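Please read the structure below before turning to the comments.
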Protein chains: 2
Amino acid sequence: MHQRLNSSDRLGNFPEQSRVVRKLESIAELSEKEKQALLDLPVSVRNVAADQDIVCDKDRPSHSCLVLDGFVCRYKLLDGGMRQIMSFQTPGDMPDLQSLFLRVMDHSIGTLTPSKLAFVPHDAVRDLLRRYPNLVEAFWRDTLIDAAIFREWMVGLGRREAYGRVAHLMCELLMRLRAVGLANGYSYELPLTQAELADALGLSTVHVNRVLKELRLDGLVVFKGRHLVIQDWEGLKEAGEFDPTYLHVEPQVAA
Amino acid sequence: MHQRLNSSDRLGNFPEQSRVVRKLESIAELSEKEKQALLDLPVSVRNVAADQDIVCDKDRPSHSCLVLDGFVCRYKLLDGGMRQIMSFQTPGDMPDLQSLFLRVMDHSIGTLTPSKLAFVPHDAVRDLLRRYPNLVEAFWRDTLIDAAIFREWMVGLGRREAYGRVAHLMCELLMRLRAVGLANGYSYELPLTQAELADALGLSTVHVNRVLKELRLDGLVVFKGRHLVIQDWEGLKEAGEFDPTYLHVEPQVAA
DNA sequence: CGAAGGCTTGATAGACCTCAAACACAGTGG
DNA sequence: CCACTGTGTTTGAGGTCTATCAAGCCTTCG
């Protein structure tokens with residue numbers, strides 16, 4: 001029997017729901033009723049192994065998915081077999097909200113680590129948005145912030161050297177993981193291989209390796225065993241020319 | 001006396017309104033009432049010279065702008081003075097719809113050619129969206145397609161060589177300009193300098209020049225005097241590995 | 001313990017950049 | 001009408017960043 005036993009569950013029944021709510025609250029004000037409505041969303045939750053596709057290029061999904069736990073990414077494959085990762089989705093994120101309005105997938109979404117995902121029928125989301133127009137703003141904002149992150153990555157891919165590109169990504173992930181409580185001070189779990197980082201940064205695995213070594217020798221960060229420690233936050237920000245405006249979070253602990 | 005005389009105009013009074021309507025119709029179904037409401041939007045129209053900023057990084061705009069005529073771009077400047085252009089906006093586009101929901105600009109928007117722009121107060125747009133929920137879907141879709149284009153550019157910047165990158169951009173612009181009636185068969189006005197192309201493609205001006213020459217020698221395109229002629233559409237698509245899915249237009253004349 | 005995946009490092013090659021100079025063309029002014 | 005200027009294009013030469021290839025090493029896990 002397969003994993004979809006719990007297709008009649010509601011989001012609120014899972015402990016990780018707090019990450020989703022927290023993420024949305026970092027984006028927009030939510031009333032109690034709206035939060036309730038969110039938690040009442042019907043979901044089917046699945047545990048998915050690493051390196052599995054959730055949605056594929058050209059698919060026409062009927063559900064949107066929420067990341068409850070794990071690292072997920074959007075990516076495209078080129079003819080030659082090369083891969084470009086276009087975003088990392090961390091717990092609390094909704095990687096394919098867009099499929100609500102763009103029927104055909106123009107890219108794939110897959111897990112990078114073992115993940116826990118909640119699938120919500122599009123109809124349920126549509127219904128939610130009809131009943132709570134304020135949530136339209138929240139969800140729309142979320143997709144706009146996604147786009148802002150794409151733009152920032154474009155800057156990195158187009159105009160930053162490898163060193164700054166890596167530094168910038170590490171800064172961004174600290175900010176984003178903090179927002180959902182997944183960072184401790186200046187360190188966080190970064191369960192990615194160097195090859196995966198390379199695919200996101202438009203570099204080769206070998207070069208990522210060399211840059212990481214350089215960052216370590218410069219005393220900025222240590223990345224070992226899927227764990228990242230930022231030893232010199234100011235230095236890292238400078239190396240990546242990092243300015244968190246594009247993340248559109250409250251001027252929180254961006255210290 | 002300054003240019004804003006016509007601040008009490010409505011969009012429908014300008015002949016270029018058709019481009020805006022046409023653009024939106026290529027994205028979503030519009031009822032007659034919705035089209036009417038669009039045309040009744042209060043606008044102040046301005047003619048702007050080339051190379052002028054419309055909105056700057058860190059601004060908090062109170063209006064959204066529509067491109068009635070001309071080429072406009074989003075861009076960011078790096079510390080070293082380098083520029084990354086993140087999108088080209090052509091007639092019919094709404095480059096800063098996002099400012100409705102993201103208060104602070106995380107990039108700048110500027111003209112590349114002399115342009116005719118319509119500014120709509122955010123309040124008027126908000127009101128429109130409140131009255132016509134179907135337009136929410138259309139506008140949201142528009143911002144999602146923007147994001148899809150960002151993603152496709154990321155692929156180019158990260159994983160395509162200069163040759164394919166240039167080819168891909170030319171394919172994309174043909175499709176987009178056709179959708180608003182600004183292409184003739186396989187040619188269109190491309191009023192950009194090689195330096196501007198370079199800033200969009202993450203290349204140096206010199207290298208763009210060399211690639212253009214190569215494309216010409218290969219018989220794919222001729223770009224001369226701000227005019228582009230595609231001589232071998234199949235070849236160009238192949239060179240850029242171009243697949244128009246990400247533009248999310250009807251499977252129109254993508255022949 | 002062996003296998004597999006990931007990490008690390010060296011050597012070589014290629015894509016692209018920077019610098020520099022010449023050329024074309026349009027607009028300006030005497 | 002013709003220098004003069006400025007912007008954009010074109011081409012060459014040399015240098016840098018990053019990719020590719022290849023090999024050795026380490027860790028994890030059955």
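Within every chain, numbering begins at 1; the chains are lettered A, B, ... in the order of the sequence lines, protein sequences first and strands thereafter. Remember, predicted model here, so these are calculated numbers, not experimental data.
- Here the options are Asp96(B), Ile54(B), Ile109(B), the test is side-chain contact (heavy atoms from CB on, under 4.5 Å), and the partner is Arg74(B); only Ile109(B) passes.
- The separation between Arg226(B) atom CZ and dC25(C) atom P is 15 Å, rounded to whole Å.
- Checked options Leu169(B), Asn209(B), Val166(B); the residue passing with Leu197(B) is Leu169(B) (criterion: side-chain contact (heavy atoms from CB on, under 4.5 Å)).
- Between the side chains of Tyr75(A) and Asp57(A), no donor N or O sits under 3.5 Å from an acceptor N or O.
- Rounded to 10 degrees, the angle separating the terminal axes of the helix from dC1(C)-dG30(D) to dG30(C)-dC1(D) is 30°, with each axis obtained from five end pairs.
- For Ser18(B) and Glu16(B), the side-chain atoms include no donor-acceptor pair closer than 3.5 Å.
- Other residues, nucleotides and ligands place more than 12 heavy atoms under 6.0 Å from the CD atom of Glu189(A).
- Thr193(B) comes within 4.0 angstrom of the backbone, heavy atoms only, and of no base.
- Boundaries of the chain B contact region on DNA chain D are dG8(D) to dA13(D), first to last in 5' to 3' order (nucleotide atom under 4.0 Å from a heavy atom).
- For His207(A) and dT12(C), the NE2 to P distance is 19 Å, given to the nearest whole Å.
- A cation-pi arrangement, defined by a distance under 6.0 Å to the six-membered ring centre and an angle within 45 degrees of its axis, is absent between Arg216(B) and Phe223(B).
- The CZ atom of Arg160(B) sits 17 Å away from the P atom of dA15(C) (whole-angstrom rounding).
- Residues from residues 208-219 of chain A with heavy atoms under 4.0 angstrom of DNA chain C, sorted by number: Asn209(A), Arg210(A), Lys213(A).
- Side-chain contact of Gln231(A) with Tyr186(A): a donor-acceptor pair under 3.5 Å is absent, judged by distance alone.
- Within the nucleic acid shown, Gly202(A) comes within 4.0 Å of sugar-phosphate atoms alone, with no base atom in reach, counting heavy atoms only.
- When the P atom of dC7(C) is taken as reference, atom CD of Glu196(A) falls 9 Å away, rounded to whole Å.
- Among the nucleotides dC7(C), dG10(C), dC17(C), the one closest to the side chain of Val206(A) is dG10(C).
- Glu152(A) and His168(A) share a side-chain donor-acceptor pair at under 3.5 Å.
- One interatomic measurement links the two molecules: CE of Met82(B) to C1' of dC16(C), which rounds to 11 Å at whole-angstrom precision.
- Distance Gln194(B) CD to dC17(C) C1': 16 Å, rounded to the nearest Å.
- Between the side chains of Lys76(A) and Ser108(A), not a single donor N or O lies within less than 3.5 Å of an accepting N or O.
- The closest donor-acceptor contact from the side chain of Glu196(A) to the backbone of Thr193(A) lies under 3.5 Å.
- Protein atom CZ of Phe223(A) is 11 Å distant from nucleotide atom C1' of dC7(C), rounded to whole Å.
- Across the protein-nucleic acid pair, Arg165(B) atom CZ and dA15(C) atom P stand 13 Å apart, rounded to whole Å.
- Taking the six-membered ring for Trp and the full ring otherwise, the centers of Phe88(B) and Trp153(B) sit less than 6.0 Å from each other.
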